[in-house]
Amino acid sequence: TRRRLGPEAATRLVASYVSGVWAGDADRLSAQSSFPKLTAFEKNHGSIFLGFIKSMKQNKGLKKKAPKGLLSFTEGLESLPRALARKLGEKLRLQVNISQLTPPASSNDSWTVDSNSGRFRTRGLILAESAPGAAQLIENFAPQTAQALRQIPYVPLISAACTVPKGSTRIPLDGFGFLVAPGAEARILGCLWNSSLFKNRCPENKDLLTVFMGGATQPGLTSLIEQKLLMIIKEDLRRILGLRGDPAFVHIERYGASIPQYNIGHEKIKESIRMAETTFPGLRFAGNYREGISVGDVVKYSKKLMEGEGVIPKVLPRQNQIAQRLNESGMRV
């Protein structure tokens with residue numbers, strides 16, 4: 001973007017987006033791994049905008065897809081894993097610590113999984129661990145891929161949820177939120193306006209905000225004591241939103257390793273992962289270090305992975321069928 005659109009667009013638009021979504025550093029992220037569509041537009045059409053326009057024209061005649069937008073659940077995103085757990089029933093085993101994985105001796109053999117709950121055998125093995133966790137499990141039979149997985153950096157991050165009196169900001173909280181451009185005076189990465197996005201997130205006379213701090217560009221902030229963090233949050237919200245008074249309810253979550261970074265060289269890491277999958281029959285890797293960091297990306301890749309394994313039908317249900325299945329599982333969309 002610096003080369004195509006100039007330094008100001010690269011800093012204020014793309015770098016702030018990267019900082020807010022990835023908690024990353026735009027100078028380190030791989031464009032090919034992080035924004036594959038944009039790099040494909042330039043490669044195939046010689047222009048980002050021309051590629052985007054042609055892509056829109058090509059998709060115009062295709063079958064209409066389900067409308068995109070923000071989605072959550074009445075009782076929060078935890079509704080999704082809880083519904084999956086209910087669907088699996090007794091097939092789901094919790095508190096199982098894997099001590100060793102042994103690959104099949106031949107294509108007709110099975111994987112051996114040793115754990116604190118006994119020994120299991122399986123023809124297919126999907127590792128949905130973090131990159132370091134997966135590396136530890138495959139170290140004894142795929143050391144090169146394990147080394148590649150350990151090269152994926154995870155950045156520290158702080159998520160602070162807080163409420164403010166409705167109408168206490170100079171800027172109306174009507175929208176998604178805001179992101180902060182690198183180099184700006186503010187020290188937070190950005191702020192989501194949760195109660196503007198979804199209903200019943202807080203009392204009607206309050207606004208619920210989520211502030212993010214730290215990441216690849218300011219990792220030191222995540223080690224500050226809570227009192228210091230609250231001071232930074234108040235100062236930045238006053239400066240940017242014109243907040244009057246102090247935030248009330250504040251809940252701070254610290255993530256020592258939050259979001260995997262698709263830095264330059266990530267494609268080589270993915271190639272090493274694919275090599276292990278080719279070498280060891282039945283082995284697959286899944287997680288947000290693979291084909292996208294968002295919940296939607298992970299679900300999409302997991303579905304693609306399961307269809308490829310022949311576990312679920314390859315017929316994509318319509319949007320209303322999806323909603324019906326979710327509701328049957330006890331989730332209200």
Side-chain angles (χ1 to χ4, degrees), residues 76-157 253-261 266 269-313 329-331:
L77 285 177
E78 70 177 32
S79 301
L80 179 58
R82 289 186 182 278
L84 292 172
R86 286 195 298 270
K87 183 72 174 179
L88 290 170
E90 295 182 355
K91 295 179 182 179
L92 176 63
R93 305 190 185 190
L94 303 176
Q95 305 299 326
V96 177
N97 297 318
I98 307 300
S99 57
Q100 184 173 327
L101 299 177
T102 304
S106 65
S107 58
N108 296 323
D109 202 356
S110 299
W111 285 82
T112 302
V113 181
D114 291 303
S115 74
N116 62 337
S117 295
R119 172 171 288 184
F120 307 93
R121 294 189 181 277
T122 176
R123 296 295 299 274
L125 181 65
I126 299 176
L127 298 183
E129 257 277 15
S130 64
Q136 185 175 354
L137 290 174
I138 67 171
E139 181 72 57
N140 65 319
F141 59 86
Q144 291 184 337
T145 301
Q147 183 179 3
L149 286 168
R150 290 194 178 98
Q151 294 175 5
I152 301 176
Y154 284 69
V155 296
L157 188 69
E253 287 283 352
R254 300 175 187 262
Y255 302 95
S258 62
I259 303 174
Q261 302 295 294
H266 192 75
I269 296 175
K270 289 171 62 176
E271 182 59 36
S272 181
I273 295 172
R274 287 189 287 266
M275 183 69 70
E277 291 176 330
T278 303
T279 305
F280 301 97
L283 177 64
R284 294 292 183 270
F285 295 83
N288 62 351
Y289 62 84
R290 190 76 192 267
E291 300 293 337
I293 61 171
S294 71
V295 174
D297 289 333
V298 173
V299 170
K300 185 186 297 182
Y301 181 73
S302 299
K303 189 171 186 296
K304 176 182 176 182
L305 181 64
M306 296 303 289
E307 289 175 349
E309 294 292 331
V311 178
I312 60 176
S329 300
M331 291 187 291

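These values consider heavy atoms only, across backbone and side chains, with no hydrogens, waters or symmetry-generated copies.
- Remark: the backbone N or O of F120 is not paired with any side-chain donor or acceptor of W111 at under 3.5 angstrom.
- Residues I138 and A146 share a closest heavy-atom pair of CD1-N, 3.8 Å.
- Side chain of N97 to main chain of N116: no donor-acceptor pair is present (N/O by atom type, distance under 3.5 Å, no hydrogens or angles).
- Atom CD of Q151 has more than 12 heavy atoms from other residues, nucleotides or ligands within 6.0 Å.
- The CD atom of E129 sits 11.0 Å away from atom CG of L149, with the distance rounded to the nearest 0.5 Å.
- How far NZ of K270 is from CZ of F285: 14.0 Å, rounded to the nearest 0.5 Å.
- Considering only heavy atoms from C-beta on, T145 stays 4.5 Å or farther from F280 through its side chain.
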(message) Would T112 and L101 count as a side-chain contact (heavy atoms from CB on, under 4.5 Å) here? Give the steps.
(response) CA-CA 6 Å; T112 302; L101 299 177; over 6 Å; no
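- Smallest separation of non-hydrogen atoms from S115 and S99: N-OG, 3.9 Å.
- Note that CD of E307 and OG of S302 are 11.0 Å apart. Values are rounded to the nearest 0.5 Å.
- Across every non-hydrogen atom of S258 and P156, the tightest pair is OG-C, 4.2 Å.
- Between V298 and G287 the shortest heavy-atom distance is CG2-C, 4.3 Å.
- Taking CZ of R150 as the reference point, atom CD of Q136 lies at 7.0 Å (rounded to 0.5 Å).
- Salt bridge status for E271 with R274: present, with a side-chain N to carboxylate O gap under 4.0 Å.
- Residues R290 and Y301 come closest through the heavy atom pair NH1-OH, 3.0 Å.
- Within a 6.0 Å sphere centred on CZ of R82, other residues, nucleotides and ligands contribute 12 heavy atoms or fewer.
- Looking at S294 and D297, their side chains do bring a donor and an acceptor atom within 3.5 Å of each other.
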(message) Does Y154 form a side-chain contact (heavy atoms from CB on, under 4.5 Å) with Y289? I'd like the steps, not just the answer.
(response) CA-CA 9 Å; Y154 284 69; Y289 62 84; 3.9 Å; yes
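- Nearest heavy-atom pair, L283 versus A276, reported as atom, atom and distance to 0.1 Å: CD2-O, 4.2 Å.
- With values rounded to the nearest 0.5 angstrom, R86 atom CZ is found 8.0 Å from S79 atom OG.
- Summarising the geometry, atom CG belonging to L127 is positioned 4.5 Å from atom CG belonging to L125; distances are rounded to the nearest 0.5 Å.
- Put simply, the side chain of H266 does not reach to within 4.5 Å of the side chain of Q261, judged on heavy atoms.
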